[in-house]
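Computed from a prediction, not measured in an experiment: that's the story for all the values here.
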Amino acid sequence: MLGQMMHRPLSVIEILKFASENHKSAEIVSVRTEGDIHRYSYAQAFERVAQMAHALGRMGIASGDRVATLAWNGYRHFELYYAISGIGAVCHTINPRLSAEQMIYIIQHADDQVLFVDTTFVPIIAALRSQLPQGLRCVVMTDRAHMPDSDLDLLCYEDLIADCPKTYDWPEVDENTACGLCYTSGTTGNPKGALYSHRSTVLHAMSLCISLGRFLQEGTRVLPVVPLFHVNAWGLPYGAPLAGASLIFPGGALDGPSVYKLMDEERVNSAWGVPTVWLGLQAEIAAKGRNPNGFSSVVVGGSAAPRSMIEKFEKSGVSVCHAWGMTEMSPVGTHGILPADMIATKSLSERLDLQQYQGRRVFGVDLKVVDENGESLPHDGTSVGELYVRGNAIISGYFDNEAATAEAFDSEGWFGTGDIAVIRPDGFLSIQDRAKDLIKSGGEWISSIDLENVVMSHPMVANCAVIAVAHPKWDERPLLVIVPAGQEHVSKAEIDDLLLQHVAKWQLPDAIEFVDELPLTATGKVSKLTLRQKFANYMLPDMK
């Protein structure tokens with residue numbers, strides 16, 4: 001028997017319409033590429049979104065067409081999120097940190113019709129002009145006064161919308177209609193596309209508001225350091241308006257001093273981003289001797305957060321949520337907000353131990369770990385296997401890529417993440433490592449993440465990474481790569497003494513190499529692929 005309820009399709013544009021009507025005091029604040037600060041309400045944003053929808057129609061953009069963006073976090077980028085999907089087209093966000101080869105590949109693979117670019121990235125487009133598809137139109141996201149000098153045929157964002165009406169008769173689209181397209185960073189092979197629907201995006205936003213409600217609620221001022229070009233800024237452009245939170249967009253200045261200044265002046269409550277950004281912020285906090293005004297919570301994702309980082313924040317009064325997800329998951333899959341009973345009954349040390357984990361699943365996401373035969377393993381906190389996921393906001397296949405799709409899913413339709421993990425009886429997920437980053441030494445596995453988390457607690461270490469290097473006897477052994485915090489280098493003996501408090505002696509790194517900085521991927525994570533290439537012929541001490 002079916003229920004007798006109305007069926008209204010879930011639609012992305014309804015989120016902003018709701019915010020414009022119900023969250024009058026919330027605002028969007030943006031550091032502009034023009035050099036100043038812009039601020040307005042969700043209601044004003046909704047009017048400009050309508051204007052851009054009209055402009056896209058004048059340009060001939062129709063339902064299903066892909067419209068690309070190459071831009072920082074700012075109000076115009078936010079407007080495009082809603083205008084493009086609102087008319088039934090697909091918003092394709094491009095990561096400017098991709099290589100030229102990868103960028104050209106995804107523009108061609110997506111068959112983009114229009115490309116919106118911030119002024120910062122016009123030189124990138126100029127350099128790629130000969131390889132861009134014929135007929136691709138480029139719009140610079142600025143006003144006429146700030147249009148760059150270029151011999152490219154460029155359109156001006158503000159000119160396009162200047163005479164457009166501030167209301168729009170939004171079409172009722174099927175909720176399974178595509179609304180967003182985001183490609184993986186492509187560390188191996190070509191990038192793969194995750195094609196989101198209106199239904200999946202709205203459900204993900206609802207899940208975000210439910211599961212991370214303490215960090216995302218009406219009146220909260222949220223700083224998305226995670227880029228809009230990276231997995232929809234973890235869903236914040238949708239979750240924040242839905243919850244009634246203000247969005248503080250930082251533009252392109254993501255260094256510690258710039259982030260601190262913006263947070264301090266705008267009284268940001270909650271900041272969301274990858275660990276490398278928070279290392280810079282913590283250094284600036286140490287230099288200033290205080291937290292930014294109003295700063296009370298931080299969401300860390302993208303890669304594992306060191307225990308020492310979490311401890312510094314928590315001891316200064318900043319609550320930490322260690323989250324995990326993937327592009328293919330829209331992206332949030334788990335959150336590390338501790339239950340009230342754990343907060344009340346556990347010591348700081350015990351809470352920090354739990355906060356190192358990736359947390360519990362958000363509503364709408366199922367998790368399982370499987371052995372090498374594909375058999376499900378118990379959630380007992382000790383059984384280690386590959387992590388598989390399924391849910392309403394998880395892809396059912398890669399966009400126009402049958403080969404990659406066939407490799408990614410099991411016979412029951414679960415998506416294989418490539419992460420090695422355990423799940424505790426209380427639901428906490430612990431990512432042991434990426435399968436490709438585990439170190440197999442003498443038939444036993446060593447987790448690079450476990451070693452890195454301990455080493456990061458040493459005061460003479462600013463950042464570090466552990467990779468596998470070849471060994472004739474043990475197959476692989478760990479090499480520790482350190483970015484020193486100052487002029488002096490920590491000794492191997494000191495690192496060994498620290499690690500031996502947490503790991504077995506045979507798991508100790510065989511050598512340490514010091515570098516000025518670690519290479520980063522296009523999404524701000526440490527690129528272990530680049531490190532493995534750099535040290536491909538490395539000779540460990542006992543091999544020389």
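Evaluation of the side-chain hydrogen bond (donor to acceptor under 3.5 Å, both in side chains) rule for Gln533 yields no partner, not counting sequence neighbours. His38 is linked by a ring pair (Phe, Tyr, Trp, His ring centres under 6.0 Å) to Tyr40, Tyr75, counting only residues two or more places apart in sequence or in another chain. His77 pairs by the ring pair (Phe, Tyr, Trp, His ring centres under 6.0 Å) definition with Tyr81, not counting sequence neighbours.
Using a cutoff of 4.0 Å between basic side-chain nitrogens and carboxylate oxygens, Arg307 and Glu452 are not scored as salt-bridged. A salt bridge links Arg39 with Glu27; the closest basic N to acidic carboxylate O contact falls under 4.0 Å. Look at Lys368 and Asp410 and you find a salt bridge, because one of the NZ, NE, NH1 or NH2 atoms lies within 4.0 Å of a carboxylate O, short of that distance. In this structure, Lys492 does not pair ionically with Asp497, as no charged nitrogen and carboxylate oxygen lie closer than 4.0 Å.
Of the N and O atoms on the side chains of Ser308 and Ser457, not one donor lies less than 3.5 Å from an acceptor on the other residue. A donor and an acceptor atom, one from each side chain of Arg361 and Thr334, are nowhere located under 3.5 Å apart. Side-chain contact of Ser448 with Asp437: a donor-acceptor pair under 3.5 Å is absent, judged by distance alone. Between the side chains of Glu328 and Tyr398, a donor-acceptor pair is found at a separation under 3.5 Å. When only modelled atom types and interatomic distance are considered, Gln432 and Ser430 share a side-chain donor-acceptor pair under 3.5 Å. Thr276 and Trp278 form no side-chain donor-acceptor contact under 3.5 Å, judged by distance and modelled atom types alone.
Judged by distance alone, the side chain of Ser383 and the main-chain N or O of Asp380 form no donor-acceptor pair under 3.5 Å. With hydrogens and angles ignored, the 3.5 Å screen pairs no side-chain donor or acceptor of Arg477 with any backbone N or O of Gln507. For Asn293 (side chain) and Arg267 (main-chain N/O), no donor-acceptor pair under 3.5 Å exists by modelled atom type. The closest donor-acceptor contact from the side chain of Thr184 to the backbone of Lys192 lies under 3.5 Å. Within the 3.5 Å criterion, the main-chain N or O of Leu262 finds no donor-acceptor partner in the side chain of Glu265.
For the pairing with Tyr238, the ring pair (Phe, Tyr, Trp, His ring centres under 6.0 Å) check across Phe78, Tyr82, Tyr196, Phe18 returns one residue only, Tyr82. Here the rule is side chain to side chain contact (heavy atoms under 4.5 Å, CB included) with Ile446, and of Val503, Leu508, Leu438, Ile439 only Ile439 fits it.
Looking only at side-chain heavy atoms (C-beta outward), Pro227 and Trp72 stay at 4.5 Å or farther from each other. Contact annotation: the side chain of Val225 approaches that of Leu254 to within less than 4.5 Å [non-hydrogen atoms, C-beta and beyond]. Between His379 and Asp426, the closest side-chain pair of non-hydrogen atoms is not below 4.5 Å. Looking at heavy atoms from C-beta onward, Asp118 lies out of side-chain contact with Leu70 at the 4.5 angstrom threshold. In this structure the side chain of Trp414 never reaches within 4.5 angstrom of the side chain of Leu387, judged on heavy atoms. Residues Leu212 and Cys321 have side chains in contact (heavy-atom distance under 4.5 Å, counting atoms from C-beta outward).
The neighbour count for Phe514 CZ, taken as heavy atoms of other residues, nucleotides or ligands under 6.0 Å away, is above 12. When the shell of 6.0 Å around NZ of Lys528 is examined, it contains more than 12 heavy atoms from other residues, nucleotides or ligands.
In terms of heavy-atom proximity, Met263 sits nearest to Ala271 at CE-CB, 4.0 Å.
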